[in-house]
Amino acid sequence: MLRHLFITLLCICVTTTISAQDFINEDFLDNLEANTQGMWAESQPAFAVNKVPAKFEKESATVLGYRRSVNIDKKSRNGFLSKGERSLIFYENVRFKIFLNDKNAVKSFTTLYFRYNEKEDGFSAKITKPGGSSMEVKLNEAVGIESSEDMPEFYKSFFDQQMGNQRRYYKVAIPDLEPGDILEFVTVSKNKLDVMGSGYIEFTPQYEFCNKKYPILFNQIVIETDDKSFFKSLSLNGAPDFIKETAADPGFFRFVFTDKDRPVEKDVNFVNTYKVSPMTKFQVIYANNENTKGALIGQKGEIKAGFSKDELTRKALEEYKSAAKYTINSVTIQQLEAALYSTLKKAGAKDWSEKDYITKSYYRLRNFVVNRDNYLSDRVAAYIFSNLLLERDIPNEIVMSVSNNIGNLDEVLFDQEIRYAVRVGNSIYFNPTDYSNPGDLVETLMGSNAYVIYSATKKGGTSEVSDLLLPQSAYSDNVENVNLDVSLDKDFTTLMVTRKSLYKGISKNRNISDALKYTTYMLDDYKYYGGDSPTDNMKTAQEEEYYKSVKAIKDRYKEAKPEYVTSQLQNEYSQKVKYKNFTIGSDGRSMKMSDLNYTEEFEINGMIRKAGKKYLVNIPGLVGGQLQIKKEERVRNHPINVGMGRTLSWQINFKIPAGYTVDGLKELTTNIDNEAGSFISAAEEKEGMLVLKITKIYKQANLEKNKWNDMLAFIDAAYNNSYKYILLKPKGS
């Protein structure tokens, strides 16, 4: 706990930045351009195209060509000196060409990004005007970007993703870009990865979606590897496959993905992208040992596109058991589990009922997670929790599955896609977060198919595989209930609001992180498993330092919380909001008080219009922004996925000002109810109050596309209702 507080305090007090005004050295410019000349000279028919097909002429822009070529070589044949074959060599070349049709597209590309980290890196760009004249983009005004700055998809490097950083990137503005221009650029990058101590490397899995922000006429990925690498790829939802081609070098394997004439995806709401959008996923695996074995590898030189149930479950079990040797801060997982059990035993674990022991073991593991800078993997968390249960001889089962927003078990291609959980009896325990309770469902695993791969007991275990369907939840389980008390200020310009929000189920999971941000929930987390206070075994000086750190955090949070809540409210209402107060009623982090509820007090003044002596007040707008389905989105192509069924309800109690009457209540009455969902709104005047009750229900997580009109009915009703007004009139007028 003390370590956690010191780390948090350090993050509060110390920041490291990279100056955005780190200008590129002009001596590098000639080198950057020289390194790209070979790419400009390549004959690429796809990049000779300058005309947009008639069907795309009304689009904001059209990508004429996008080609990425990655060469991975262990033999240093391309100029790097790598003694003892220490280095794996990466060559990455990108060529990109886009026709910009309107100002929105121009705005998106007025800034170019490029890398200059090694002397072999290269970048150059040119603009072709409508008349055919061409001009080079000058790079002398380029400035370094901050490491945290995100870059558009077209500039991101495969290698830098693997290394976990952006290396050194620059950006440059193009001041004279106009609609009708064609922008084209090429990049070259060369990298070394020391693999002397790594006999096996799984490079970052890649997911290539065919549909981009703009239509794309030609999209190609070329992967070339030497004979020490494996390649996996699976194309889904109508995407083309990677094809194995003959490489120019007989010691290489060459795999090529080519997609052409791809329009923009029109379905943008309620879409499970991984399950419906044409995509290919792929991965390169390097292995310098000829005897390397792995169920999720395949054979060298082939394209491995899938795995049997036996291969998957065998690999998952191997990975699960290997977690025992995984280390955290030089401590093995087995040692860590033993240490966690020791604290449980000290708290009285031997005397607890089996039910209490399971619950407190989960909370003990959660407490460990709370005091870390990052979460545990599913595999490690399942291993620790399972073995904590075995300390009391409680049999349990290890479950493997795949996220419901990624695909199905028969589409698993990467180790990273496998998820783990622990089943005890009929209850399933998932990887704990800072906020989860024992048995809480995980949205991305609800309703997923799963396999039970291992039955763990203190005497040993069996690995007979059986099928399992992970639990789902109903719309009545996932609740957002909001009560707002609202009144006008004396000038009739501002709404003064007290909002009480309550969340249950997955709705709680979606909101709890924001609600508890800049609160000190971690300070008392040890109480959930009956642990000792962090100060119990401290000496006086340590205790003083602890409380000093706690005070510093509380002071910082006291300052940061209002700023954060204000930002959240202003995003919700799309206008300026004045923060007044925020209080937590229940943080939802215990089984006894599992609901999250909190109160916000704020003022908002953009919902009132004056009309002479009368006032129009947008009371329904206090529910927050509602989804608008645009004209081009009303023809549905794909099944509907809303993530989860859920119930949202609001009660707005508006105090009618003295001397005024209210009109427009009838217009606030709406009742839409169908198989997909419902939207119900009703208002009444009661004891000087306008009481508006609104309920919106998403009844099912998944629907066929023929139910789209049912969805539109209640979604449109909610959107239209949010723009309605009541009329306040002086009595007697």
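Position 1 is the first residue of the sequence; numbering continues from there.
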Any side-chain to backbone donor/acceptor pair from [X] onto [Y]? Under 3.5 Å, distance only.
| X | Y | result |
| --- | --- | --- |
| Asn449 | Leu468 | no |
| Gln570 | Ser567 | no |
| Asn437 | Gly588 | yes |
| Asp532 | Tyr526 | no |

Kindly check if the number of other-residue, nucleotide or ligand heavy atoms within 6.0 Å of [atom1] ([X]) is above 12?
| X | atom1 | value |
| --- | --- | --- |
| Tyr573 | OH | yes |
| Lys561 | NZ | yes |
| Tyr475 | OH | no |
| Lys504 | NZ | no |

Would you say that [X] contacts [Y] through its side chain, given a criterion of any heavy-atom pair below 4.5 Å between the two side chains?
| X | Y | result |
| --- | --- | --- |
| Glu354 | Ile394 | yes |
| Gln283 | Leu413 | no |
| Asp434 | Tyr521 | yes |
| Ile333 | Ile384 | yes |

Problem set entry | Short N-O contact, Glu417 and Lys281, less than 4.0 angstrom | yes
Exercise. Is it true that Lys539 and Glu543 have a side-chain N and a carboxylate O under 4.0 angstrom from each other?
Worked result: no
Tell me, please, which residues at least two apart from [X] pass salt bridge (Lys or Arg N to Asp or Glu O under 4.0 Å).
| X | value |
| --- | --- |
| Lys309 | Asp467 |
| Asp356 | none |
| Arg366 | Asp525 |
| Lys527 | Asp524 |

Over all atoms of both residues, closest heavy-atom pair of [X] and [Y]:
| X | Y | value |
| --- | --- | --- |
| Gly643 | Arg510 | CA-NH2, 4.1 Å |
| Ser229 | Val284 | CB-CG1, 4.2 Å |
| Ile145 | Arg168 | O-NH1, 3.3 Å |
| Ala381 | Pro432 | CB-CD, 4.1 Å |
| Lys304 | Ile297 | CB-O, 3.8 Å |

For this session: Please identify each residue that fulfils side-chain contact (heavy atoms from CB on, under 4.5 Å) with Ala474, with sequence neighbours left out.
Result: Ser476, Asp477
For this session: Check side-chain contact (heavy atoms from CB on, under 4.5 Å) between Ser590 and all other residues, then give those that pass, not counting sequence neighbours.
Result: Tyr363, Tyr528, Lys592, Met593
Return the [atom1] to [atom2] distance between [X] and [Y], rounded to the nearest 0.5 Å.
| X | Y | atom1 | atom2 | answer |
| --- | --- | --- | --- | --- |
| Glu443 | Ile506 | CD | CD1 | 6.0 Å |
| Gln700 | Gln472 | CD | CD | 10.5 Å |
| Leu648 | Tyr503 | CG | OH | 8.5 Å |
| Arg364 | Asn367 | CZ | CG | 5.0 Å |
| Leu445 | Asp378 | CG | CG | 7.0 Å |
| Ser501 | Asp595 | OG | CG | 12.5 Å |

Would you say the side chains of [X] and [Y] form a donor-acceptor pair under 3.5 Å?
| X | Y | result |
| --- | --- | --- |
| Arg589 | Ser436 | no |
| Asn478 | Ser473 | yes |
| Asp514 | Tyr564 | yes |
| Ser233 | Thr280 | yes |

Inter- and intrachain pairs under side chain to side chain donor-acceptor pair (under 3.5 Å), touching [range], at least two apart:
| range | answer |
| --- | --- |
| residues 450-465 | none |
| residues 399-413 | Ser403-Arg419 |
| residues 388-397 | Ser386-Asn396, Glu397-Arg423 |

For this session: For this output row, return yes or no: ring centroids of Tyr598 and Phe582 closer than 6.0 angstrom.
Result: yes
For this session: Report the relative orientation of the aromatic rings in Phe209 and Tyr274; use parallel for angles under 30°, tilted for 30 to 60°, perpendicular for over 60°.
Result: perpendicular
Exercise. How would you list all residue pairs meeting ring-ring contact (aromatic ring centres under 6.0 Å, His included) that involve residues 364-405, not counting sequence neighbours?
Worked result: Tyr320-Tyr383, Tyr362-Phe385, Phe385-Tyr429
Exercise. Does Lys360 make a cation-pi contact with Tyr529 (under 6.0 Å, within 45 degrees of the axis)?
Worked result: no
For this session: Sequence neighbours left out, what passes ring-ring contact (aromatic ring centres under 6.0 Å, His included) with Tyr420? Give chain and number order.
Result: none
Problem set entry | Under the ring-ring contact (aromatic ring centres under 6.0 Å, His included) test, residues paired with Phe414 that sit two or more places apart | Tyr207
